Amino acid sequence: TQLVHNRANPGRSVQGRSGSLGLVRRGSRYYVRIRVPLTLTATVGRTHIWRSLRTSDRPEATKRARIVIGEIQRSFGDFPEPVRPQVPADRSIRLTLVQAFDRFLADPARTRSVKTDSHYANLRAVTRGLWGQDCPLASVGRDDCRRLLDVLRVLPPNVAKRHRGMPFARIVELAQSGRAGAVMNPATVNGYLSKLRAVLNYAQNEGRIDRNPARGLRVGDPVRARDK
């Protein structure tokens, strides 16, 4: 038995079938992963909370997880319930690209692994550094997406960790001069472009943009899939 996420009530974890998220093993240690209620993600500043259970024994981890989950769920009650503004159906309120990322990641209809969530976070950081925190979603065009492609091709993997605290313009300058380290391989670049398309497809389906400017955008990979 493993602790799993309760889809009917975000933020609560219950006992359920093994193989689902909730109780997670990393290396020899167990952790518990709890989804923050959607109404509190903006206040808490994250979509999930992780806690180390400080044990490699599964039965003991299960016991400790119940205690930790209870403590975290009780802490959710300390936050005031936010007042939800009424969002008009039209586009009179300008949505930024960063906000589009946040809404996509908070969509309860979508589930992703922790690793995939981190890739979306990396992509959001790159787009924010390239176009700015307040870049209007509707202003992102095909040329902008091609510019992003060109930047991704020269950036090193895990750029946010490798150059933490460095202005993004400086990172790009180093990357373009070949002084930022090994670059991402084509498969990784295409993976980021695929995630950008997913966010923009979401925005299009929500009626926020008319078309996806990143559609079909990718780089060629000289290594065939069967040879990887």
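Predicted, not measured: the structure shown is a model, and the values here were computed from it.
- Atom-to-atom distance recorded for Arg211:CZ and Asn201:CG is 11.5 Å, nearest 0.5 angstrom.
- Closest approach of Phe101 to Tyr120, counting heavy atoms only: CE2-O, 4.0 Å.
- Looking at residues two or more places apart in sequence or on another chain, you find a ring-ring contact (aromatic ring centres under 6.0 Å, His included) between Tyr202 and Phe104.
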**Asked** Passes side-chain contact (heavy atoms from CB on, under 4.5 Å), Thr188 versus Tyr192? Steps please.
**Response** CA-CA 6 Å; Thr188 302; Tyr192 279 121; 3.8 Å; yes

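- Under the side chain to side chain donor-acceptor pair (under 3.5 Å) rule, Ser113 has a single partner from Thr116, Thr111, Asp117, which is Thr116.
- Proximity of a side-chain donor or acceptor of Gln73 to a complementary backbone N or O of Gly70 within less than 3.5 Å is not detected.
- Between the CG atom of Asp107 and the CZ atom of Arg112 there is a distance of 8.0 Å, given to the nearest 0.5 Å.
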**Item:** Candidate pair Val32 and Val24, rule side-chain contact (heavy atoms from CB on, under 4.5 Å), full reasoning
**Value:** CA-CA 6 Å; Val32 65; Val24 180; over 6 Å; no

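- In this structure, Leu95 and Arg103 have side chains that are in contact, with non-hydrogen atoms separated by less than 4.5 Å.
- Residues Val114 and Arg33 have side chains in contact (heavy-atom distance under 4.5 Å, counting atoms from C-beta outward).
- Residue pairs that meet the ring-ring contact (aromatic ring centres under 6.0 Å, His included) test with at least one member in residues 53-72, sequence neighbours left out, do not exist here.
- Looking at Leu23 and Leu53, their side chains come closer than 4.5 Å, going by heavy atoms from C-beta outward.
- A heavy-atom distance below 4.5 Å is not found between the side chains of Val154 and Asp150.
- Rounded to the nearest 0.5 angstrom, Asn185 CG and Arg153 CZ are separated by 12.5 Å.
- Nearest approach of Val219 to Leu149, heavy atoms of both residues: CG1-CD2, 3.5 Å.
- For Leu152 against Leu193, the heavy-atom pair with the smallest separation is CD1-CD2, 4.1 Å.
- Note: Asn122 CG to Thr127 OG1 = 10.5 Å, rounded to the nearest 0.5 Å.
- The 12-atom threshold is not exceeded at CZ of Arg54, counting heavy atoms of other residues, nucleotides or ligands nearer than 6.0 Å.
- Here NE2 of His48 is found 10.0 Å from CD1 of Ile34. Values are rounded to the nearest 0.5 Å.
- With rounding to the nearest 0.5 Å, the separation of CZ in Arg124 from NZ in Lys195 is 14.0 Å.
- The two residues Asp57 and Glu60 have their closest heavy-atom pair at OD2-N, 2.9 Å.
- Remark: the backbone N or O of Asp210 is paired with a side-chain donor or acceptor of Gln204 at under 3.5 angstrom.
- Using a distance-only test at 3.5 Å, with no hydrogens or angles considered, no donor-acceptor pair links the side chain of Arg197 to the main chain of Val199.
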Run the side-chain donor-acceptor check on residues 134-146: report pairs under 3.5 Å with partners two or more places apart or on a different chain.
{"residue": "Ser139", "atom": "OG", "partner": "Pro136", "partner atom": "O", "Å": "2.7"}
{"residue": "Arg142", "atom": "NH1", "partner": "Pro213", "partner atom": "O", "Å": "2.9"}
{"residue": "Arg142", "atom": "NH1", "partner": "Arg215", "partner atom": "O", "Å": "2.7"}
{"residue": "Arg142", "atom": "NH2", "partner": "Arg215", "partner atom": "O", "Å": "3.4"}
{"residue": "Asp144", "atom": "OD2", "partner": "Gly141", "partner atom": "N", "Å": "2.8"}

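- Trp131 and Val98 are members of different hydrophobic clusters when ILVMFWY side chains are connected at heavy-atom separations under 4.5 Å.
- Considering all non-hydrogen atoms of both residues, Tyr30 and Ser56 come closest at CE1-O, 3.5 Å.
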